[in-house]
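Reading through the structure tokens given below for one structure.
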Amino acid sequence: MAQRNDRRDFLKTSAAIGAGYWVAGSAQAKESKSANEQIQFACIGVGGKGSSDSNDAFRRGKIIAMADIDENTLNAKAKVYKDAKPFFDYREMLDELGDKIDAVTVSTPDHHHAPAAALAMKHNCHAFVQKPLTRSIYEARFLGDLAREKGLATMMGNQGTANSGLRKAAATIQAGAIGNVTEVHVWTNRPVWPQGGDRPEPQDVPAHVKWELFLGPAPYRPYAAGYHPFKWRGWWDFGTGALGDMACHTFNMPFAALDLRDPTSVVATTSGHNGDSYPK
């Protein structure tokens, strides 16, 4: 199992906190491989949605490494991916094995998406990144520029868009089947996690959770049971709330069908929030 790092070790490795600090550095391009060779994957985050993402990679290639901040999750996956070297820290994984990795899956909490994907691409790895791709427009543009610069294949994990139904629906609307569309309503049942309240009371970190690595580029806060493994979505530091969780699924079809680019204005209303958690 990978060695344990604390937050002080993290901060020693960089001059600033943020995505730049997580993705700093460079890598030499790997030698070209035959198209007939087996794809060698590394999986960043193998619990939750990362379980199905890594399973998909496992069916299509060979997983040689995996990283997760939860030791229980790593141990469970080690029984399935017997050739995969486990790590808690994906930076250590890429530093050690980056020249052997062809592609990565990134299935972490949202605040790690851009740092993990950018670091992998700096090691010349193709990248599959779960939705939402990033937490900011800047991060999305940065990843796009990096992918073009490196000539890498990339994809955001958005199951509906990967199927033909969305494209057929968009083409049907573009063909005028429902007339001139002037208004679109989109809704969701999210959040299905607590949000809009105060932080949970601090607790001792479970032995199997590497809390410092979970925090990563986020500001420090004490561990509490309300964050890992699922309820992080409701917190500004970690997730993107209901909009980030579902809009890529529910708004993507009308966005494609109506070519909704370059808005002239955007107006938002909210029930209010405390600046720490998304609105109720």
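Here the structure is a predicted model, which means the values were calculated and not measured.
Within 6.0 Å of CG on Asn189 lie more than 12 heavy atoms contributed by other residues, nucleotides or ligands.
The aromatic rings of His111 and Phe238 are tilted relative to each other, their planes meeting at an angle between 30° and 60°. Ring geometry, Tyr223 versus Trp211: the interplanar angle exceeds 60°, so the pair is classed perpendicular (tilted spans 30 to 60°).
Judged by distance alone, the side chain of Gln203 and the main-chain N or O of Ala225 form a donor-acceptor pair under 3.5 Å. No donor-acceptor pair closer than 3.5 Å links the side chain of Tyr90 to the backbone N or O of Cys43. Formation of a donor-acceptor pair under 3.5 Å by the Lys82 side chain with backbone atoms of Lys79 is found in this model. Side-chain N or O atoms of Arg167 include one that pairs as donor or acceptor with a backbone N or O of Thr161 at under 3.5 Å. Side chain of Ser277 to backbone of Gly234: a donor-acceptor contact under 3.5 angstrom is found. Not one N or O on the side chain of Asp83 forms a donor-acceptor pair closer than 3.5 Å with the backbone of Ile64. Checking side-chain atoms of Glu139 against main-chain N and O of Leu133 turns up no donor-acceptor pair under 3.5 Å. Of the possible donor and acceptor atoms, one in the side chain of Gln195 sits under 3.5 Å from a partner among the backbone N and O of Pro279. Put simply, the side chain of His113 gets close to the backbone of Pro132: a donor and an acceptor are under 3.5 Å apart. Of the possible donor and acceptor atoms, none in the side chain of His123 sits under 3.5 Å from a partner among the backbone N and O of Asp99.
With sequence neighbours excluded, the residues satisfying ring pair (Phe, Tyr, Trp, His ring centres under 6.0 Å) with Tyr278 are Trp236. Asp237 meets the salt bridge (Lys or Arg N to Asp or Glu O under 4.0 Å) test with Arg221; sequence neighbours excluded.
In the hydrophobic cluster analysis, where Ile, Leu, Val, Met, Phe, Trp and Tyr join through side-chain heavy atoms closer than 4.5 angstrom, Leu119 is grouped together with Tyr138. No continuous path of hydrophobic side-chain contacts links Met246 to Phe255 [ILVMFWY only; heavy atoms under 4.5 Å]. Note: the hydrophobic cluster containing Leu243 does not contain Val186 (ILVMFWY, side chain heavy atoms under 4.5 Å, direct or indirect links).
Val129 has its side chain out of reach of Thr154: every pair of non-hydrogen atoms, C-beta onward, lies at least 4.5 Å apart. Between Asp95 and Phe87 there is no side-chain heavy-atom pair separated by less than 4.5 Å.
There is no side-chain donor-acceptor pair under 3.5 Å between His126 and Asp102.
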Would Asp53 and Ser107 satisfy side chain to side chain donor-acceptor pair (under 3.5 Å), going step by step from the backbone distance to the final call? CA-CA 7 Å; Asp53 289 341; Ser107 313; 2.7 Å; yes
side-chain contact (heavy atoms from CB on, under 4.5 Å) for Asp110 and Trp232? Distances and angles first, verdict last. CA-CA 9 Å; Asp110 298 349; Trp232 50 265; 3.5 Å; yes
Between Leu143 and Met121, does a side-chain contact (heavy atoms from CB on, under 4.5 Å) hold up when you go through it step by step? CA-CA 9 Å; Leu143 293 186; Met121 286 193 285; 3.6 Å; yes
Does the side chain to side chain donor-acceptor pair (under 3.5 Å) test come out yes or no for Lys168 and Asn163, once each step is laid out? CA-CA 10 Å; Lys168 290 179 178 178; Asn163 297 323; over 6 Å; no
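Looking at Asp245 and Lys131, a side-chain N of the basic residue comes within less than 4.0 Å of a carboxylate O on the acidic one, giving a salt bridge.
If you take CD1 on Ile69 and CD on Glu212, they are separated by 11.0 Å, rounding to the nearest 0.5 Å.
The minimum heavy-atom distance linking Ser54 with Ile63 is given by the pair O-CD1, 3.3 Å. In this structure, Cys248 and Met156 approach most closely via the heavy-atom pair CB-CE, 4.2 Å.
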